[in-house]
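Residue numbers start from 1 in every chain, and the chains themselves are labelled A, B, ... in the order their sequence lines are given, proteins ahead of strands. Remember, it's a predicted structure, so these values are computed and weren't measured experimentally. Computed over heavy atoms, backbone and side chain alike; hydrogens, waters and symmetry mates excluded.
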Number of protein chains: 2
Amino acid sequence: MSDKNATIYDIARACGVSPATVSRVVSNSGYPVSERTRQLVLQTARQLHYTPNLLGKSLKAQKSRDLGIIIPNISNSYYSLLLQGVYDEAIARGYNTILCNSYRKPEIEEKNINTLMAKQVCGILLVSIGKQTEPIRRAMEHGCQVILMEQDLNIDCVKVGFNFYKGAYMATRCLIEHHHRRIGFIGAPLDRSSRIRMVEGYRQALADHHIPEIPRDICLSETERDDTQIYEFENGRAAATYFIDMEDRPTGYVCVNDMTALGAIRTFQSAGLSVPQDVSLIGFDNIPYSEISSPRLTTIDQCTYDMGSLSTRMLVESIEEPKKPHSSITLEPTLVERDSVRTL
Amino acid sequence: MSDKNATIYDIARACGVSPATVSRVVSNSGYPVSERTRQLVLQTARQLHYTPNLLGKSLKAQKSRDLGIIIPNISNSYYSLLLQGVYDEAIARGYNTILCNSYRKPEIEEKNINTLMAKQVCGILLVSIGKQTEPIRRAMEHGCQVILMEQDLNIDCVKVGFNFYKGAYMATRCLIEHHHRRIGFIGAPLDRSSRIRMVEGYRQALADHHIPEIPRDICLSETERDDTQIYEFENGRAAATYFIDMEDRPTGYVCVNDMTALGAIRTFQSAGLSVPQDVSLIGFDNIPYSEISSPRLTTIDQCTYDMGSLSTRMLVESIEEPKKPHSSITLEPTLVERDSVRTL
DNA sequence: CTGTTAGCGCATTCAG
DNA sequence: CTGAATGCGCTAACAG
């Protein structure tokens, strides 16, 4: 067999027609070609196992059908669910996906953007962990559509956000409505807009219900080592240990995400405290695991998959209709009540 | 700013040199260029925010630095861990990754292969769910390196396998050594080599220890709906329900994967059976979650991440040294003893 | 050391 | 309806 891929020239030669004609047929251009030649070309193409070279095609067209997606880390199940949403929607609309992990490092995020630009992607979905807006701005100037997901940034582009403030507010209020009056917050470093907003929501809920805020009830892990689920779990463990040592500890806890909540729960349980009998916890994300843990986790749903598919739909639309103004959107949280919160 | 990306021609014009010179500098070709011009070109490139167009580059070179990876479904945490291994290793070696999900459909798997070929990837990592070898063969004929991961197929190419037979054997033997004499198997449809081998390993372990095989102790879920972790969990639930209804049920169970084991455990627990007091279970995969479940799951480690990175290393090596013969490898299982198996 | 040229595979003008 | 010619951005001969 041919060692190399067949090109339109090979087909043209085999059929005794011009490359132009072959191109018109195989690319489904709609350009008129006699039915006879069309069939001949199609058949020869099949015989030669012709696969169009997308590089040539994209180079000529000055654009590709590739979408880039930049996330912190794929092994985090939250992001893998987000990616699934992105991927499914992209495929459904005829686009391919090029994955980039930023590993939570702004330098790598910037490098990722450059790589994607070099590959001439027509759009980028970005969960940014930096504050840099320059690379994004440049990408947009070069005609690349960018959609910011999850994390907000001071730049004028389409954003698909999530109301973290309200989510944390709802979580806190949930505990309050179950008559908790001493509520802890188990969080992570406040290095991203989402987390800052969450603490604000927590505090506002407390204030609105005339519950005094106690600084030592907020426990933020100091460092973030890796991004696997296990580290978040460990953060939860550490926080629970902190609270277990506290004489008069809170009865309820709002956690920054589900894995952290699960780590805390397991640690409380190991210390002989029953959940939700002795302590109540509420998570954030609604990852698949939260439904199968024991107790099943009460949490805030972030419709992660939908966020991925919606972002992709919006990205594709803004690629295909660049002139039309495209507005941003903020997804709203839903409380998912399961078994980790008890009424006092 | 320029609406379009700057090219080497733009830089050449700005510097008053030829495009060839610019190319030689920016591509780090090692071709001699006077230090003066080199600096000038570099500086101008930076000013113009030059990003090389990889399409042109790859088209010219007749090859890219892209690797394709085809897996059933990214939202399965097993595959997302595998992908992380692949991705990390690829990046470390200067390759980009194009992700494809086959959604467990052979037709889509074939389409994925074609898409990757069209994008001129230089190698493909494939977790195949079909039996078709034709598309793979064609890819290889066109000079694309293919590495088969996890699932075996009747085709001559480099393979990175896992000893599923021995894994299941070890799992079964583990229960036997804990004095279990009635051992069930909780599985999935036998549509893939890995699963067939697992049942074989289970049966052989029984035979080797003179334990009679009881057909009704093998419970395979009939259909496979989706591939999210939750469905595997549900399969485990269904199997547990089946065994709970059985008068004289097995005391120990070998499960086809960890999520299935977790579903079964949860269901046994709901029925008032304690794990491992009343029933023992052993999983397969060693996904992160198996370490944090309660009880912590005894399981067979599949070194999933390493399988991803090793496969990628082998792929890159066979791309960079095509003449050298490259041999396949089979990874061996390790038993991870935790808390879900009790000695009778 | 530098420049000119050609061609990778494709789609698209413009002639016929 | 069909074909010849051009250029997308880049690199690799080949000349100078």
Side-chain angles (χ1 to χ4, degrees), chain A residues 2-42 44-45 48-66 117-122 142-143, chain B residues 2-42 44-45 48-66 117-122 142-143:
Chain A
S2 59
D3 187 32
K4 278 189 30 60
N5 248 301
T7 73
I8 51 171
Y9 288 90
D10 299 323
I11 301 175
R13 205 175 317 118
C15 294
V17 300
S18 77
T21 302
V22 177
S23 168
R24 298 200 254 256
V25 173
V26 297
S27 69
N28 266 316
S29 67
Y31 196 93
V33 174
S34 79
E35 195 51 28
R36 277 185 51 81
T37 13
R38 169 180 305 280
Q39 289 308 330
L40 178 60
V41 166
L42 251 22
T44 318
L48 266 42
H49 295 125
Y50 172 73
T51 312
N53 184 324
L54 252 34
L55 297 179
K57 207 161 176 161
S58 301
L59 182 60
K60 172 68 182 172
Q62 307 251 61
K63 68 174 184 224
S64 72
R65 286 183 79 82
D66 288 335
M117 291 303 294
K119 295 182 95 59
Q120 313 300 112
V121 297
C122 49
H142 287 349
Chain B
S2 58
D3 186 31
K4 277 188 31 56
N5 248 302
T7 73
I8 51 170
Y9 289 90
D10 298 324
I11 301 176
R13 205 175 316 117
C15 294
V17 299
S18 79
T21 302
V22 176
S23 169
R24 299 200 253 256
V25 172
V26 297
S27 68
N28 266 316
S29 66
Y31 196 93
V33 174
S34 80
E35 195 51 29
R36 275 186 52 82
T37 16
R38 170 182 303 282
Q39 290 308 328
L40 177 61
V41 166
L42 250 24
T44 319
L48 264 43
H49 295 126
Y50 172 74
T51 312
N53 184 326
L54 251 33
L55 297 180
K57 208 161 174 161
S58 302
L59 182 60
K60 171 68 182 171
Q62 306 249 61
K63 66 173 186 228
S64 71
R65 286 184 76 84
D66 288 334
M117 291 303 295
K119 295 181 96 60
Q120 313 299 113
V121 296
C122 47
H142 286 349

Just how large is the angle between the end axes of the helix from C/dC1-D/dG16 to C/dG16-D/dC1, five pairs per end, to 10 degrees?
50°
side-chain contact (heavy atoms from CB on, under 4.5 Å) against B/Arg13, all qualifying residues, sequence neighbours excluded
B/Tyr9, B/Asp10
How close do B/Met117 and B/His142 get, heavy atom to heavy atom, and via which atoms?
CE-CB, 3.6 Å
Does anything in residues 24-34 of chain A pair up under side chain to side chain donor-acceptor pair (under 3.5 Å), and if so which pairs, sequence neighbours excluded?
A/Ser34-A/Thr37
With sugar-phosphate meaning primed atoms plus P, OP1 and OP2, does B/Ser27 contact a base, only sugar-phosphate, or nothing at under 4.0 Å between heavy atoms?
sugar-phosphate
Any A/Asp66 side-chain heavy atom under 4.5 Å of A/Lys119 side chain:
no
First and last nucleotide of DNA chain C, 5' to 3', lying under 4.0 Å from heavy atoms of chain B
C/dC1 to C/dG9
What one should report as the nearest heavy-atom pair of B/Cys122 and B/Ser64 is SG-O, 3.4 Å
Using 0.5 Å steps for rounding, measure from the OH atom of B/Tyr50 to the OG1 atom of B/Thr7.
7.5 Å
Taking every heavy atom of A/Pro19 against every heavy atom of A/Ala12, the minimum-distance pair comes out as N-CB, 3.6 Å
Those residues at least two apart in sequence (or on a different chain) that pass side-chain hydrogen bond (donor to acceptor under 3.5 Å, both in side chains) with A/Thr51 are none
What residues from residues 10-20 of chain A pass a heavy-atom cutoff of under 4.0 Å to DNA chain C?
A/Ala20
side-chain contact (heavy atoms from CB on, under 4.5 Å) partners for A/Cys15, two or more places apart:
A/Ile11, A/Val17, A/Leu40, A/Val41, A/Thr44
What residues from residues 51-61 of chain A pass a heavy-atom cutoff of under 4.0 Å to DNA chain D?
A/Leu59, A/Lys60
Under 3.5 Å, sequence neighbours excluded: what are the donor-acceptor pairs made by side chains of residues 53-60 of chain B?
{"residue": "B/Asn53", "atom": "OD1", "partner": "B/Leu55", "partner atom": "N", "Å": "2.7"}
{"residue": "B/Asn53", "atom": "OD1", "partner": "B/Gly56", "partner atom": "N", "Å": "3.3"}
{"residue": "B/Ser58", "atom": "OG", "partner": "B/Leu54", "partner atom": "O", "Å": "2.8"}

Under the side-chain hydrogen bond (donor to acceptor under 3.5 Å, both in side chains) test, which residues partner B/Gln39, sequence neighbours left out?
B/Glu35
Where chain A begins and ends its contact with DNA chain D, read 5' to 3' at 4.0 Å from heavy atoms:
D/dC1 to D/dG9
Quick one, which residues of residues 31-42 of chain B touch DNA chain D with a heavy atom under 4.0 Å?
B/Tyr31
